[in-house]
Amino acid sequence: MRIASLIIVGLWIGIKGVEETMGSYKAHYSVILLYFFLGNFFVPQCIAIGVDANQTAWLFVNASEASARPIPETLFGIFFEEINHAGAGGLWAELVSNRGFEAGGPNVPSNIDPWSIIGDESSIIVSTDRSSCFERNKIALRMEVLCDSEGTNICPAGGVGIYNPGFWGMNIEKGKTYKVVLYVRSLEAINLSVSLTGSNDLQTLATSDIIASASDVSNWTKVEVLLEAKATDHNSRLQLKTSRKGVIWFDQVSAMPLDTFKGHGFRNDLSAMMADLKPRFVRFPGGCFVEGEWLRNAFRWKATVGPWEERPGHFGDVWMYWTDDGLGYFEFLQLSEDLGAFPVWVFNNGISHNDQVDTSSVLPFVQEALDGIEFARGDPQSKWGSVRAAMGHPEPFDLRYVAIGNEDCGKKNYRGNYLKFYNAIRQAYPDIKMISNCDGSSRQLDHPADFYDYHVYTSASNLFSMSHQFDRTSRNGPKAFVSEYAVTGKDAGTGSLLAGLAEAAFLIGIEKNSDVVEMASYAPLFVNTNDRRWNPDAIVFNSSQLYGTPSYWVQLFFAESSAANVLNTKLQTNASSLVASAITWKSSNDSKNYLRIKVVNFGSDNVNLNIRVDGLGTNSIQLSGSTKTVLTSGNMADENSFKAPNKVVPTQSLLENAGEDMMVVLLPRSFTSFDLLTEDSSNLRTRGTDYSSISSF
């Protein structure tokens, strides 16, 4: 019993230390002492040995109104970059790759990949020319059919033509309808079949015929066809075939499912995973995609708006693939609105990876940015606001944030160019918040800004230790925007549990420092497994499948944090493997108040965690409705996959011992959330928004 007495004395001293340093706590320490004493000594010896093997820690939560601090409504969002075919062949539901035949370049003849020919040289010749009716994308496909339905050169059964396999196979599903749009021209009558088929052309999923006289198609003519799939094939293709001799020109061939996210062209399943995160902002369209290796290949917003047929597309020379830019500036603004998030537009500031515009010549780029803001926010009668209105959105978008370049700080012309943009935008739009590329977390910026951009890609151990990164950052001056963070390298694999846990600790640190960090987003968001340019990523997909990596599921734990209240917490432990935070939030679904305690155990041992919540009324925490959610797995290197998409996902259970005093066990290598349902109390300060829900899980 002498050992027990020493332990109790040590515990009392530790708790008294907490009491002296956190005067607002008026905890019932005798309850904790008794609970600890009974739980660790008055048990059978065989059980006591098992408990003693665990580490023990104490978490004190001050839930009083005086302790609560509002979290910015924009704290957690998403960053979309056109990388890994995230948009083209991903979020944007267009099924046809290289729909305008422009990917091969402006000179003819050109490569039409991935389009392919159905038939041989005796029956068909396919080439490109510059006869398109669209001024900004002049390439069209010329198909000369040498065979016929009669005569000496009979076409093979089913005809000859061209097909497009999409982005590594089109996902065609039974019962769904697909809209095919194409532009066609011919000097003769045409009889053309438009079909969705299996990859080997042995199964026809849907088909329709286009029959027109020469006078109907002597000029470029837009044709629309609706195809309802009679079967499912995840590796389908679009075919255009004929058995009639003659020459037919094609341009701007598109195939889209009618059923898209909110009817705006976004793939439903990928959009749903984004929406589940309840993002408060969408940063777009990059990243390095905005800069380009060379300015001639940078994303330029004016080339991505207006009718999709008229968009020239461009080659993204950083991530090395062509985009038709169907997912353009307007669509990103629309996506933000559909997700209930603020758009954060990143534009080029006259600097790429390899060339720069001199500050003395940068004003045309400045004007392009001003025009872009007018497009988003301008009156529908304004020059660029009218373009937006013509696209079906007369009301302005709620654009409040712009980033002047990406990762350009330190480059020769950045500061000079930045100031040109900053001054012009501040004068024209004084409410717009501007984001500098330069890190202001450790030293003061030498130029004005509303936010500074902070990017971190590092090992799991480093990122875990960075949970205190912003503890000592100055609270004066611009706020931090952690727009890109992730664990990378060997620790991460293609999305490991270990990476997710380190990121969870880092986000807890951001949540606790949300008085200086106002926005944060993971990067990259998406990867198509057929073109993996970066590891890891949050959401992995192909044409028909998808899953979230542990990094995705970690973000779900923070879905209610934006616009909530963060509480003061004190963690007392000898282990350096624990990081914890607590928030209160109010559900807009049931108007009930919740207290969420999040804890990362980065260590390899179980931890007995004694939780004491102070500042609530008596019996304020309800047993019914309180839950525990845990993200863990048998091995810290475990990952999800198409074969096992739920290997590492959160599991939720009822919290049976919910109360102001709780002892819980934290599993090794785990991230745990305790959601405590509380009675309405004047002592518990909560905030609710339309984004809140009972739980994200």
Side-chain angles (χ1 to χ4, degrees), residues 85 88-101 103 112-119 124 126 141 143 145 155-184 190-212 221-244 248-261 263 265-270 308-309 324 326-327 528 530 541-546:
H85 273 86
L91 180 62
W92 188 241
E94 173 63 64
L95 297 173
V96 177
S97 177
N98 189 19
R99 67 185 179 191
F101 309 103
I112 62 171
D113 186 70
W115 291 91
S116 296
I117 299 172
I118 304 169
I124 184 172
V126 173
L141 184 134
M143 184 176 80
V145 179
C155 291
V160 297
I162 55 175
Y163 73 86
N164 188 291
F167 299 89
W168 303 283
M170 298 180 180
N171 180 36
I172 304 301
E173 298 178 276
K174 181 179 180 180
K176 292 192 175 181
T177 301
Y178 301 84
K179 182 179 181 179
V180 177
V181 179
L182 57 90
Y183 286 77
V184 63
I190 62 171
N191 188 338
L192 185 72
S193 69
V194 180
S195 305
L196 295 169
T197 74
S199 59
N200 54 13
D201 194 23
L202 295 180
Q203 183 183 27
T204 299
L205 308 176
T207 188
S208 182
D209 293 329
I210 299 174
I211 301 172
T221 304
K222 183 178 183 179
V223 180
E224 297 184 3
V225 175
L226 293 179
L227 299 176
E228 182 178 344
K230 303 297 189 293
T232 294
D233 191 321
H234 302 308
N235 191 27
S236 304
R237 67 192 199 185
L238 174 69
Q239 295 189 164
L240 306 175
K241 295 199 300 183
T242 185
S243 296
R244 177 170 291 184
I248 305 175
W249 284 265
F250 297 106
D251 198 11
Q252 298 301 329
V253 182
S254 168
M256 294 270 283
L258 283 188
D259 182 19
T260 60
F261 184 65
F266 307 107
R267 182 169 149 178
N268 274 321
D269 53 354
L270 296 178
W308 60 266
E309 304 96 323
D324 288 313
L327 180 56
N528 187 319
N530 294 287
F541 68 92
N542 57 25
S543 67
S544 60
Q545 299 170 289
L546 77 166

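- Ring-plane geometry between Trp308 and Tyr183 is classed as perpendicular, the angle between the planes exceeding 60 degrees on a 0 to 90 degree scale with a lower cut at 30.
- Looking at heavy atoms from C-beta onward, Trp168 lies in side-chain contact with Asn528 at the 4.5 angstrom threshold.
- Side-chain contact between Leu182 and Ile210 is present, with heavy atoms from C-beta onward closer than 4.5 Å.
- Shown here for Phe167 and His85, the closest heavy-atom pair between the two residues is CD2-CD2, 3.9 Å.
- For the side chain to side chain contact (heavy atoms under 4.5 Å, CB included) with Val223, the qualifying choice from Val180, Val181, Val184, Ile190 is Val184, the only one to do so.
- Here the CG-CD1 distance, from Leu240 to Ile118, works out to 8.0 Å after rounding to the nearest 0.5 Å.
- In this structure, CD1 on Ile162 lies 11.5 Å from OG1 on Thr242, to the nearest 0.5 angstrom.
- Among the candidates Val225, Leu205, Leu238, Thr207, the single residue satisfying the side chain to side chain contact (heavy atoms under 4.5 Å, CB included) test with Ser195 is Thr207.
- With a 4.5 Å cut-off on side-chain heavy atoms, Lys230 and Thr204 do not count as touching.
- The aromatic ring centroids of Tyr163 and Trp115 lie 6.0 Å or more from each other.
- Proximity of Ser243 to Asn191: side-chain heavy atoms (C-beta onward) are nowhere separated by under 4.5 Å.
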Evaluate Lys241 against Thr197 for side-chain contact (heavy atoms from CB on, under 4.5 Å), listing each step before the verdict. CA-CA 12 Å; Lys241 295 199 300 183; Thr197 74; over 6 Å; no
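- Within a 6.0 Å sphere centred on NZ of Lys222, other residues, nucleotides and ligands contribute more than 12 heavy atoms.
- Taking each heavy atom of Gly166 and Ser97 in turn, the nearest pair found is O-CB, 3.6 Å.
- Taken from CZ in Phe261 to CG in Asp269, the straight-line distance is 11.5 Å, to the nearest 0.5 Å.
- Closest of all the heavy-atom pairs between Cys155 and Val145 is SG-CG1, 4.3 Å.
- Remark: Tyr178 OH to Leu226 CG distance equals 12.5 Å, nearest 0.5 Å.
- For the pair Arg237 (side chain) and Ser199 (backbone), a donor-acceptor distance under 3.5 Å is present.
- Side-chain contact between Glu173 and Asp259 is absent, with no heavy atoms from C-beta onward closer than 4.5 Å.
- Going from atom CG of Asn235 over to atom CG of Asn542 covers 10.0 Å, rounded to the nearest 0.5 Å.
- When side chains are defined from C-beta on, Leu141 counts as touching Val126, because their heavy atoms get closer than 4.5 Å.
- When all heavy atoms of Leu227 and Ala206 are compared, the closest pair comes out as CB-CB, 3.7 Å.
- Residues Thr260 and Ala93 come closest through the heavy atom pair CG2-CB, 4.0 Å.
- No donor-acceptor distance shorter than 3.5 angstrom exists from the side chain of Asp209 to the backbone of Ile211, with no hydrogens or angles considered.
- Heavy-atom minimum distance, Arg99 versus Glu94: NH1-OE1, 2.9 Å.
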Please evaluate residues Gln239 and Ser193 with respect to the criterion side chain to side chain donor-acceptor pair (under 3.5 Å), reporting the C-alpha separation (whole Å), side-chain torsions for both, the decisive distance (0.1 Å), and the verdict. CA-CA 8 Å; Gln239 295 189 164; Ser193 69; over 6 Å; no
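- Within the model, atoms CZ of Arg267 and OG of Ser544 stand 7.5 Å from one another, a figure rounded to the nearest 0.5 Å.
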